[in-house]
Amino acid sequence: MRYIFFFLILVLLSCNKNNVTLPNSTGSKSEILFVSPDYLWENTLGDIVVNCFTSPIPGIAKNENSFKVLQVNEKEFSSLLKTHTNIVLITSDTTTYFKNNLWANDQLVTFLFFKNDINQFNSECKSIFNIYYDKEISAIKNKILNTSNKAYNKKIYDSFRVKTIIPSEYSQSFDAEDQMLFSYNPQNKDVIKHILIYKLPVDTFDLHHLQLQTNSFFKQHLKGPKENSYVEIETLYPLQMYNDSYRGLWKLKNGFMGGPLIIKPYYLDDQIIVSVAIVFDPKSSKRTYIKEFEAIL
């Protein structure tokens with residue numbers, strides 16, 4: 001009987017240990033906290049990290065950083081800072097490795113190996129950058145998906161076989177067999193967003209044709225307030241591919257509006273599905289919009 005009693009105690013202790021409730025993570029998902037000795041950071045590693053993680057987001061006319069980088073040394077790494085959602089610890093262990101939810105929920109902690117090899121460290125930083133970038137996009141996608149317009153999402157999938165997510169604030173402004181347009185254009189805000197989806201035959205697809213067809217739909221559906229004014233792709237800023245989508249700028253022909261756009265092609269068996277998102281918001285940074293478009297297209 002005594003052995004059974006002690007066995008039950010051990011089981012209970014083990015269960016309590018495994019079911020410790022972690023606090024929610026803190027800090028912005030666009031911030032990464034680096035824990036590094038000050039002498040290493042200031043003399044060797046800081047510039048490499050900053051150049052990598054604060055690189056400009058493609059597709060924005062004015063440079064906006066991919067991440068905000070914070071740095072503390074081990075003594076400053078308090079229990080409060082240990083709950084940050086994104087943490088990278090510089091370590092002399094034998095390899096780089098990752099731990100999810102080490103000190104908080106929705107947290108990714110990276111133990112980044114460094115031992116006098118700058119080239120390897122730089123390569124590791126680039127790989128880690130992609131992991132944290134994808135983590136942020138995934139978090140944005142999940143947040144939007146929870147409140148998105150499920151009817152629109154299903155309608156797009158049924159018509160085009162792609163999983164584009166339409167946030168709840170959009171309404172459908174055009175609907176046809178081969179193209180749909182969803183818009184956000186409130187009367188009391190100086191913000192306009194559009195999501196355009198259309199089909200292309202596989203045998204006609206190239207970048208030139210993609211631009212021509214997108215401009216054709218823009219001219220048809222996105223007109224300005226003046227006569228003969230409409231949205232078109234800005235040719236002075238060539239489209240560039242990044243993370244499987246084209247980035248660029250749009251402008252209002254015969255007008256004074258403009259902003260960033262993302263064009264994402266989906267390659268299906270017999271056709272190309274193209275999702276396009278544009279935003280106009282002259283008073284705000286564009287980072288949030290670009291990340292949102294990446295998440296929903």
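None of these values were measured; they are calculated from a predicted model.
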Under a plain distance cut-off of 3.5 Å, with no hydrogens placed, do [Y] and [X] share a side-chain donor-acceptor pair?
X      : Y      : result
Ser148 : Asn153 : yes
Lys62  : Ser285 : no
Tyr198 : Asp178 : no
Thr147 : Ser168 : no
Glu31  : Tyr132 : no
Ser183 : His194 : yes
Gln107 : Lys82  : no
Tyr157 : Thr164 : no

Side chains of [X] and [Y]: closer than 4.5 Å at any heavy-atom pair?
X      : Y      : value
Thr85  : Lys135 : yes
Tyr184 : Val279 : no
Leu196 : Phe218 : yes

Report task. Run through Lys143, Arg287, Lys141 and flag the one making a salt bridge (charged side-chain N to carboxylate O under 4.0 Å, His left out) with Glu136. Result -> Arg287

How many angstroms lie between [atom1] in [X] and [atom2] in [Y], if you round to the nearest 0.5 Å?
X      : Y      : atom1 : atom2 : answer
Asn254 : Asn228 : CG    : CG    : 5.5 Å
Leu89  : Leu33  : CG    : CG    : 8.0 Å
Ser55  : Lys126 : OG    : NZ    : 10.5 Å

Query raised in the report: Do Tyr97 and Phe113 have ring centroids that are under 6.0 Å from one another?
Result: no

Looking at [Y] and [X], is there a salt bridge between them, counting it only when a charged N and a carboxylate O are closer than 4.0 Å?
X      : Y      : result
Asp281 : Lys189 : no
Asp175 : Lys155 : yes
Glu292 : Lys193 : yes

Requested in this report: Check whether Phe114 and Ile32 end up in the same hydrophobic cluster, where Ile, Leu, Val, Met, Phe, Trp and Tyr are linked by side-chain heavy atoms less than 4.5 Å apart.
Outcome: yes

**Report entry** Minimum heavy-atom distance between Ile278 and Val231, given as atom pair plus value
**Finding:** CD1-CG1, 4.2 Å

